[in-house]
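This report concerns only the one structure given below.
Hydrogens, waters and symmetry mates play no part in the numbers below; they use all other heavy atoms, side chains included. Proteins get letters first, then strands, A, B, ... in listed order; numbering begins at 1 in each. Because the structure is predicted, anything quoted here is derived from the model rather than measured.
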Number of protein chains: 2
Amino acid sequence: MVDLHDEIAGKLRGVGQRYTTNRRVIIDVLEAATHPLTIQEILDRRTTLAQSSAYRNLAVLEETGVVHRVVSSDEFARYELAEDLTEHHHHHLICRSCGAVADFTVAPEVELVLAGALEQAAGDNEFSAEDHRLDLVGRCRRCR
Amino acid sequence: MVDLHDEIAGKLRGVGQRYTTNRRVIIDVLEAATHPLTIQEILDRRTTLAQSSAYRNLAVLEETGVVHRVVSSDEFARYELAEDLTEHHHHHLICRSCGAVADFTVAPEVELVLAGALEQAAGDNEFSAEDHRLDLVGRCRRCR
DNA sequence: ATTTATGCAAATCGTTTGCAAACCT
DNA sequence: AGGTTTGCAAACGATTTGCATAAAT
């Protein structure tokens, strides 16, 4: 079994990138979070990190497949660790009112049915599928 | 059976809004399209429409539930007619490279399984679900 | 006559970028 | 040394907004 940071360092090295202090700071923050975080939330948790560095490093981490950008209903991008690092396949509850994002899962049988249907759809449309998003949009507990 | 424009006019009237010329122009463009359109694509198809009017009217139409905003991988918002007007439940193929959005459907049985799983997830999380998004993210034919 | 919509131009604000200093290896 | 990363401040660009005019009721 491989340590999370070793795994990330390896992925970065594979594309000629370094695992710098700031990048590790970002990973630590995302790992501790229970839901995708906005840039501002990341900055609030680590005040030493410059905003521009957060943007630049998140871009690198996203291109490398280490973090995943989540689009919500508001104007803020949110980030979470990539699923192949967390081993936790999940989907998102997106609040239309406040933009908050929470995680949820569905039963494995449902995932199986879904995977089959998506594979067929991709084939039918000559589309090279890399990922899928299954989001529930509505009102979170606090906003409803 | 009700005409599309009558139905939209009624919905707008219901929230104290008028069905103006510009709003009808936007609906006509969206109705003729086979996939969600960006603001720029809408403007290109009707050069008399001012950009600010497009933004303002799309906001009104979205709040009224007449059009639906689709978030892709690029920085441009895309719009389509709401599903309850088109009677055509569908999902989106989103190209990670160029941001293009195409429609696809899955078998009714799959939709049923999905609906059940989502209902349960919403209940488990005290979330008031209004809509779901099932998107396939990858590379379109032209970009792969 | 009043309210609402329009078009233009300017402002907004999350994000991106230029640059010089600090950091690796 | 030779390259990359960093932080600051300035620039960018999709979207929003102020305001005077036009349209709708």
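- Heavy atoms from other residues, nucleotides or ligands lying under 6.0 Å from CD of B:E83 number more than 12.
- At whole-Å resolution of the value, CZ in B:R78 and P in D:dT15 are 10 Å apart.
- Straight-line distance from the CD atom of B:E75 to the P atom of D:dT15: 8 Å, rounded to whole Å.
- Put simply, B:F76 and B:Y79 are part of two different groups of oily side chains (I, L, V, M, F, W, Y) that touch within less than 4.5 Å, one to the next.
- Across all their heavy atoms, A:N125 and B:F104 have their closest contact at ND2-CB, 4.0 Å.
- When the shell of 6.0 Å around CD of A:Q120 is examined, it contains 12 or fewer heavy atoms from other residues, nucleotides or ligands.
- One interatomic measurement links the two molecules: CD of B:Q40 to P of D:dG13, which rounds to 14 Å at whole-angstrom precision.
- One interatomic measurement links the two molecules: CD1 of A:I26 to C1' of D:dT5, which rounds to 12 Å at whole-angstrom precision.
- Rounded to an integer number of Å, the gap from CG of B:D74 to C1' of D:dT15 is 15 Å.
- The interatomic distance linking A:F76 (CZ) with D:dT15 (C1') rounds to 14 Å, in whole Å.
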- Heavy-atom protein contacts under 4.0 Å, nucleotides 4-9 of chain C, coded B base, S sugar-phosphate only, - none: SSSBB-

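- At least one side-chain nitrogen or oxygen of A:Y55 sits closer than 4.0 Å to the OP1 or OP2 atom of C:dT15.
- Screening residues 86-96 of chain A for salt bridge (charged side-chain N to carboxylate O under 4.0 Å, His left out), with sequence neighbours left out, gives A:R96-B:E130.
- Straight-line distance from the CG atom of A:L58 to the C1' atom of C:dG14: 14 Å, rounded to whole Å.
- Atom pair B:Y79:OH and D:dA14:P shows a separation of 14 Å (rounding to whole Å applied).
- Between A:D84 and A:K11, at least one side-chain N (NZ, or NE/NH1/NH2) sits under 4.0 Å from a carboxylate O, which counts as a salt bridge.
- Within the 4.0 angstrom heavy-atom criterion, no nucleotide atom of any strand lies near A:A59.
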